[in-house]
2 protein chains.
Amino acid sequence: MTKARKAILKTLENVEEPISASELAKRLGDFCDPATVYRNLHYLEKNNLATSFILHCSEHGTERYYSSKEGNEHHHWFHCEQCHRFIDLGGCFYAEQVRQFEEKHAFTVHDHTFYLTGICQRCKQKLGL
Amino acid sequence: MTKARKAILKTLENVEEPISASELAKRLGDFCDPATVYRNLHYLEKNNLATSFILHCSEHGTERYYSSKEGNEHHHWFHCEQCHRFIDLGGCFYAEQVRQFEEKHAFTVHDHTFYLTGICQRCKQKLGL
DNA sequence: CAATATTTGCAAGTCATTTGCAAATAAAAG
DNA sequence: CTTTTATTTGCAAATGACTTGCAAATATTG
């Protein structure tokens, strides 16, 4: 494991929300090149040390968000369109459903994506909603 | 409604799978400019005539896929990583669950995304899996 | 420590999507 | 059905996330 790899993985582990590659690159600053961040995120995901999903938001555009896989439990998230933070919806609750779909359609599922977007409690209050 | 708008909506209605903006632009050919396709897809989505989600696949990269909203029932999809077709998983089955999340976390959900990726039955056979 | 394999930084691509602007078309007004 | 006003379009240039070629730097092997 190279030092860039370690630093990226450590950052993923220390952060409590999914984080985008560009945000990660920003946090690592001169520690390593953005290209290295992208390459290592692919490496980590391929080696089952991280997972990601793509999400579009008005402020950051379309980006891929990464989380470490240390907890080993797949989580799903709510994304606030106002403050752009993520709220953890808890461990994955789709394993059984996915299995049923596999049975019904005879396909093999490699991955599933689920997330919610909207406005969080705090932002609703701020906006008087 | 302009003629470009009508043509795009009609194409969305005639196609049975979600279709990407670039594929739509290709099908419309010289009928209108790609920029017009993008602008009108935004228009249609804003006016509740279409929905979309973002998905990454090895062959087409990261793209947004659109469906008309005529049937008025929100559908979810499986995407085959081999033949790159979509399989309809049926009408949305998350309304109740989303409501429970809203209650539990006191946020307001504007949208939810769910899809599966993997290998379809036909491709499994072709590949001898 | 030498030999080999992998990773990195840098700079230059890619590619979906967006945007400015002037011309063309649609909708509203008369 | 013209005129006026508002919206949309095509074109070309820009944006921004992400990728890639290549030679130098760092890891890993023996």
Side-chain angles (χ1 to χ4, degrees), chain A residues 1-12 17-67 79 81 84 86 113 115 117, chain B residues 1-12 17-67 79 81 84 86 113 115 117:
Chain A
M1 269 240 170
T2 67
K3 80 187 172 104
R5 212 108 94 185
K6 277 185 218 154
I8 290 168
L9 187 52
K10 190 163 205 174
T11 306
L12 285 184
E17 296 176 25
I19 183 174
S20 68
S22 62
E23 173 63 26
L24 239 170
K26 201 193 299 171
R27 293 204 193 180
L28 291 172
D30 288 334
F31 189 80
C32 70
D33 193 82
T36 300
V37 173
Y38 283 102
R39 281 191 276 230
N40 281 327
L41 286 171
H42 289 159
Y43 170 90
L44 293 173
E45 191 158 26
K46 191 173 56 181
N47 289 80
N48 266 299
L49 295 165
T51 23
S52 72
F53 59 91
I54 298 173
L55 178 142
H56 175 94
C57 84
S58 56
E59 185 158 327
H60 306 103
T62 301
E63 285 189 279
R64 194 173 275 276
Y65 291 83
Y66 291 85
S67 312
H79 179 255
E81 291 162 342
H84 301 288
F86 285 94
T113 300
Y115 55 80
T117 56
Chain B
M1 269 242 169
T2 65
K3 78 186 173 102
R5 211 106 97 186
K6 278 186 218 150
I8 291 168
L9 187 53
K10 189 163 206 175
T11 306
L12 284 185
E17 295 178 26
I19 182 175
S20 68
S22 62
E23 174 62 28
L24 239 169
K26 199 193 301 172
R27 291 205 194 182
L28 291 173
D30 288 334
F31 189 80
C32 68
D33 193 80
T36 300
V37 173
Y38 282 101
R39 282 191 275 232
N40 281 327
L41 285 171
H42 288 160
Y43 170 90
L44 292 173
E45 190 158 27
K46 190 173 57 182
N47 289 79
N48 266 301
L49 296 165
T51 23
S52 72
F53 59 92
I54 297 173
L55 177 142
H56 176 93
C57 83
S58 57
E59 185 158 328
H60 306 102
T62 300
E63 285 189 279
R64 194 174 274 276
Y65 291 82
Y66 291 85
S67 311
H79 179 255
E81 291 161 344
H84 301 288
F86 286 94
T113 300
Y115 55 80
T117 56

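Each chain gets a letter, A, B and so on, in the order its sequence line appears, and its residues count up from 1.
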Legend entry - Along DNA chain D (nearest heavy atom to each residue), the more 5'-positioned of A/Pro34 and B/Asn40: B/Asn40

Legend entry - B/Met1 vs B/Asp33, nearer the 5' end of DNA chain C by closest nucleotide: B/Asp33

Inset, instruction - Please tell me which of B/Lys3 and B/Arg64 maps to the more 5' nucleotide of DNA chain C, matching each residue to the nucleotide holding its nearest heavy atom. - result: B/Arg64

Legend entry - For the student: nearest non-hydrogen atoms of A/Thr36 and A/Ile8, plus distance: O-CD1, 4.2 Å

Legend entry - Protein-nucleotide distance (B/Tyr66, atom OH; C/dT17, atom P), rounded to Å: 7 Å

Inset, instruction - Send over the distance from A/Glu63 CD to C/dA16 P, rounded to a whole Å. - result: 18 Å

From C-beta outward on [X], which listed nucleotide comes closest to its side chain: [options]?
| X | options | value |
| --- | --- | --- |
| B/Ala21 | C/dC10, C/dT17, D/dC11 | C/dT17 |
| B/Arg39 | C/dT8, C/dT19, C/dA11 | C/dT19 |
| B/Thr36 | C/dT8, D/dG10, C/dT17 | D/dG10 |

Compare side-chain N and O positions of [X] against OP1 and OP2 of [N] and report whether any pair is under 4.0 Å apart.
| X | N | answer |
| --- | --- | --- |
| A/Arg5 | C/dT7 | yes |
| B/His60 | C/dC15 | no |
| A/Tyr38 | D/dC18 | yes |
| B/Thr2 | D/dT9 | yes |
| A/His42 | D/dT19 | yes |

Inset, instruction - Give me the ring orientation class for A/Phe86 and A/Phe53: parallel if the planes are under 30° apart, tilted from 30 to 60°, perpendicular past 60°. - result: perpendicular

Inset, instruction - Classify the nucleic acid contact of A/His56 as base, sugar-phosphate or nothing, counting any heavy atom under 4.0 Å across all strands shown. - result: nothing

Inset, instruction - Under 4.0 Å between any heavy atoms, over every strand shown, what does A/Ser20 touch: base, sugar-phosphate, or nothing? Just pick one. - result: nothing

Inset, instruction - Can you measure from OG (B/Ser20) to NE2 (B/His60) and round to the nearest 0.5 angstrom? - result: 7.0 Å

Inset, instruction - Would you give the length of the straight line joining atom CZ of B/Arg5 to atom SG of B/Cys32, rounded to the nearest 0.5 angstrom? - result: 11.0 Å

Legend entry - Audit row: B/Glu23, B/Tyr65, side-chain contact (heavy atoms from CB on, under 4.5 Å) steps and yes/no: CA-CA 9 Å; B/Glu23 174 62 28; B/Tyr65 291 82; over 6 Å; no

